[in-house]
*Asks:* 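Dropping the structure in here first, questions after.
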Amino acid sequence: MSDYEKRKQENIKKNQALLASLGFDKPTLEPKEKIIKKAPAAKKRKVSEDTSDESPAPREVKAPRATLADSAPESGVRRSSRNAGKTVDYKNEIVDRTPVPVAYSSGVKGTENTGPMGREDGKRTHDPKTYGSIPGVEVGTWWEQRRGCSADAIHAPWVGGISGGKQGAYSVALSGGYDDDVDLGYAFTYTGSGGRDLKGTKQNPKNLRTAPQSSDQTFENNFNKMLKRSCETKKPVRVIRGYKLRSPYAPSEGFRYDGLYTVERAWLEKGLNPKGYLVCKYAFKRLPGQPALPVRSAASEAEASEDTADEDEQSAEEEVEETKDAEDAVKDEDQTTGEEVEDIEDAEEMVEDEDQTIGEEVEKAEDAE
DNA sequence: GGGCCCGCAGGG
DNA sequence: CCCTGCGGGCCC
């Protein structure tokens, strides 16, 4: 096993243990076929009230949607990990599988996205600089491209992974940029931004949008600061998953809105780069009362992992099992409700003790709310 | 597949 | 204006 692989596994193990200590709702606890049609009662409503500055989203105010025929390009390169690079005829394909049965859109396995499509372009009808859900955009909505997420106000930046303001991040994108991030669906770890050399050297100037790690990340970085702030304010963060993410919860194509999460932890650790530069890491946990996450089918995963080592691609079941083990190791705790797991101090201390490079002080933000 | 360069939205 | 950034198209 290579050194890289060894360190990767170490990081992943540590991240998994931390996620397990958060006590998130697990998919196995939710009836997969069951669709939650109405906002279920007090719990969810409370969340949206607490977490959104805006007035509650009126259901009838739907963001205008382009029809599939309108939004579909004539042809193009598929944004998919399964069919990367293949030229496809979108109109034919989309018409073939339209309409998408709504019954699919909440957690049934499928090789294709089952939720509704958003707009791929156009003028915004909502402000992305808000906390919480966007009126008219339901969890599970997906887009072929990042610009679509931006047009529908779910995630504004076309490239950047983090968007946010004074009270924390509005949204983040999971797109597989970091190999040691762990995605358990209902919780995940995320790596901050910065520490990359996008401009190259003077002799060899570049104009890149992403690049390998070349220095330490810090919480001074604005985006990293925002996410740390999210950890303090517990403002909900919209999350999109992209097809490039290596996870059973990644969509097989495009970018999917997976609902609201909170940031539960923020710390520093050695990243998976050759020099061991520090990266800012965060642990996210999904808010309860949302539609179940779709899981990639075995077939889809098999295709996706055709060229990669088998061990790299885990089935959702395996991940869940490992999580359970990790949970048992961390703490024997009742997970059946998944609601009131606030006594996480023990687990927290334990993790902190393990991690020497943990961030010290969460500096108090001067700005009053 | 990989390398390069580009537009764009957002924040200072 | 400047800078950044888990895209995307194009060329090879």
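Note that these values count all heavy atoms, side chains included, but never hydrogens, waters or copies made by symmetry.
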*Asks:* Does the structure show a Watson-Crick or G-U wobble partner for C:dC6, both distances under 3.5 Å? Name it, or say none.
*Replies:*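 Result: none.
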
*Asks:* Any donor-acceptor pair under 3.5 Å linking the side-chain atoms of A:Y249 with those of A:D258?
*Replies:*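 Note: A:D258 and A:Y249 side chains miss the donor-acceptor criterion.
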
*Asks:* Could you state the interatomic distance from CE (A:M226) to NZ (A:K235), rounded to the nearest 0.5 Å?
*Replies:*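 With rounding to 0.5 Å, CE (A:M226) is 15.0 Å from NZ (A:K235).
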
*Asks:* So what does A:G242 hit on the nucleic acid, given a heavy-atom distance under 4.0 Å: a base, only sugar-phosphate, or nothing?
*Replies:*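 Answer is nothing: A:G242 stays at 4.0 Å or more from every strand.
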
*Asks:* Let me know the distance between NZ of A:K244 and P of C:dG8, rounded to the nearest Å.
*Replies:*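 Rounded to the whole Å, the gap is 6 Å.
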
*Asks:* Just the rounded figure in Å: distance from P of C:dG5 to CZ of A:R146.
*Replies:*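 Spelled out: CZ on A:R146 to P on C:dG5 is 13 Å.
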
*Asks:* What integer number of Å spans the C1' atoms of C:dC6 and B:dG12?
*Replies:*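 Per the computed distance, 22 Å lies between those C1' atoms.
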
*Asks:* When you match A:P157 and A:L208 each to their closest nucleotide on DNA chain B, which lands nearer the 5' end?
*Replies:*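 Counting from the 5' end, the first nearest nucleotide belongs to A:L208.
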
*Asks:* For the pair A:R119 (side chain) and A:A151 (backbone), establish whether a donor and an acceptor sit closer than 3.5 Å, ignoring hydrogens and angles.
*Replies:*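 Pair found, side chain donor or acceptor close to backbone of A:A151.
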
*Asks:* When you check the side-chain N and O atoms of A:H155 and A:R238, is any donor under 3.5 Å from an acceptor?
*Replies:*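 On atom types as modelled, these side chains do not qualify, holding no pair under 3.5 Å.
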
*Asks:* Side chain of A:F255, heavy atoms from C-beta onward: which of C:dG7, C:dC6, B:dC8 has the nearest atom to it?
*Replies:*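 Out of C:dG7, C:dC6, B:dC8, the nucleotide with an atom closest to A:F255's side chain is C:dG7.
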
*Asks:* A:Y243 has a side chain; which of B:dC6, C:dG8, C:dG5 sits nearest to it?
*Replies:*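 Shortest atom-to-atom distance from the side chain points to C:dG8.
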
*Asks:* Quick one: A:D197 CG to C:dG5 P, roughly how many Å, whole number?
*Replies:*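 These atoms are roughly 10 Å apart.
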
*Asks:* For A:G161, answer base if it contacts any base atom (sugar-phosphate contacts may also be present), sugar-phosphate if it contacts only those atoms, and nothing otherwise; contact means non-hydrogen atoms under 4.0 Å.
*Replies:*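 Touches sugar-phosphate only.
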
*Asks:* Which nucleotide in the list B:dG11, C:dC6, C:dG8 gets nearest to the side chain of A:D181?
*Replies:*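 Of all the options, the side chain of A:D181 is nearest to C:dC6.
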
*Asks:* Rounded to the nearest angstrom, tell me the gap between atom CE in A:M226 and atom P in B:dG10.
*Replies:*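 Atom-to-atom, A:M226 to B:dG10, this comes out as 12 Å.
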
*Asks:* For the pair made of CG in A:L198 and C1' in B:dC6, what is the distance, rounded to whole Å?
*Replies:*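 To the nearest whole Å, that distance equals 14 Å.
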
*Asks:* In whole angstroms, how far is the C1' atom of B:dA9 from the CG atom of A:D152?
*Replies:*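 Result: 16 Å.
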
*Asks:* Just wondering, do A:F223 and C:dT4 stack (centres under 5.5 Å, planes under 30°)?
*Replies:*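 So no, this residue does not stack on that base, at least one cut-off failing.
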
*Asks:* Over all strands shown, is A:G195 touching base, sugar-phosphate only, or nothing at heavy-atom distances under 4.0 angstrom?
*Replies:*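 Answer is nothing: A:G195 stays at 4.0 Å or more from every strand.
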
*Asks:* Nearest to the side chain of A:S150 - B:dG11, B:dA9, C:dG5?
*Replies:*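 Among B:dG11, B:dA9, C:dG5, the one nearest the side chain of A:S150 is B:dA9.
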
*Asks:* Measure the distance from CD1 on A:I162 to P on C:dG7 and round it to the nearest whole Å.
*Replies:*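 About 12 Å, once rounded to whole Å.
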
*Asks:* Which residue, A:S163 or A:P205, contacts DNA chain B at a nucleotide closer to its 5' end, judged by nearest heavy atom?
*Replies:*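 Going by which nucleotide is closer to the 5' end, it is A:P205.
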
*Asks:* Measuring centre to centre across the rings, with the benzene-like ring taken for any Trp, is A:F284 within less than 6.0 Å of A:F188?
*Replies:*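 That pair passes the under 6.0 Å test.
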
*Asks:* Among C:dG7, C:dG8, B:dC4, which nucleotide sits nearest the side chain of A:S175?
*Replies:*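 The answer is C:dG7, which lies nearest to the side chain.
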
*Asks:* Can you tell me if A:N222 touches the phosphate of B:dG12, counting only side-chain N or O atoms and a distance under 4.0 Å to OP1 or OP2?
*Replies:*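 For A:N222, the contact criterion (side-chain N or O under 4.0 Å from OP1 or OP2 of B:dG12) is met.
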
*Asks:* Ignoring the backbone of A:Y190, work out which of C:dC6, C:dT4, B:dA9 is nearest its side chain.
*Replies:*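 So the side chain of A:Y190 is nearest to C:dC6.
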
*Asks:* Is the distance from OP1 or OP2 of B:dG10 to the nearest side-chain N or O of A:R124 less than 4.0 Å?
*Replies:*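 So the side chain of A:R124 is within the cut-off, an N or O lying under 4.0 Å from OP1 or OP2 of B:dG10.
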
*Asks:* Measuring to OP1 and OP2 of B:dG11, would you say a side-chain N or O of A:K166 lies under 4.0 angstrom away?
*Replies:*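 For B:dG11, OP1/OP2 do not have a side-chain N/O of A:K166 under 4.0 Å.
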
*Asks:* Would you say A:R196 places a side-chain N or O within less than 4.0 Å of OP1 or OP2 belonging to C:dC6?
*Replies:*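 Yes.
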
*Asks:* Looking at every strand, decide which applies to A:T191 at a 4.0 Å heavy-atom threshold: base, sugar-phosphate, or nothing.
*Replies:*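 Base contact.
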
*Asks:* Is any side-chain N or O of A:K129 closer than 4.0 Å to OP1 or OP2 of B:dG11?
*Replies:*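 Looking at the OP1 and OP2 atoms of B:dG11, one of them is under 4.0 Å from a side-chain N or O of A:K129.
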
*Asks:* Ignoring hydrogens and angles, state whether a donor on the side chain of A:D183 or A:S247 is under 3.5 Å from an acceptor on the partner side chain.
*Replies:*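 Their side chains do contain a donor-acceptor pair, which is all the 3.5 Å distance test asks for.
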
*Asks:* Quick one about A:R124 and A:S150 (side-chain donor to acceptor, distance below 3.5 Å, no hydrogens or angles considered), yes or no?
*Replies:*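 Note: A:S150 and A:R124 side chains meet the donor-acceptor criterion.
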
*Asks:* So if I take every side-chain heavy atom of A:K199 and compare against C:dC3, B:dG10, C:dG8, which nucleotide ends up nearest?
*Replies:*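 That would be C:dC3.
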
*Asks:* Could you state the CD-P distance from A:E253 to C:dG8, rounded to the nearest angstrom?
*Replies:*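 Between P of C:dG8 and CD of A:E253: 13 Å.
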
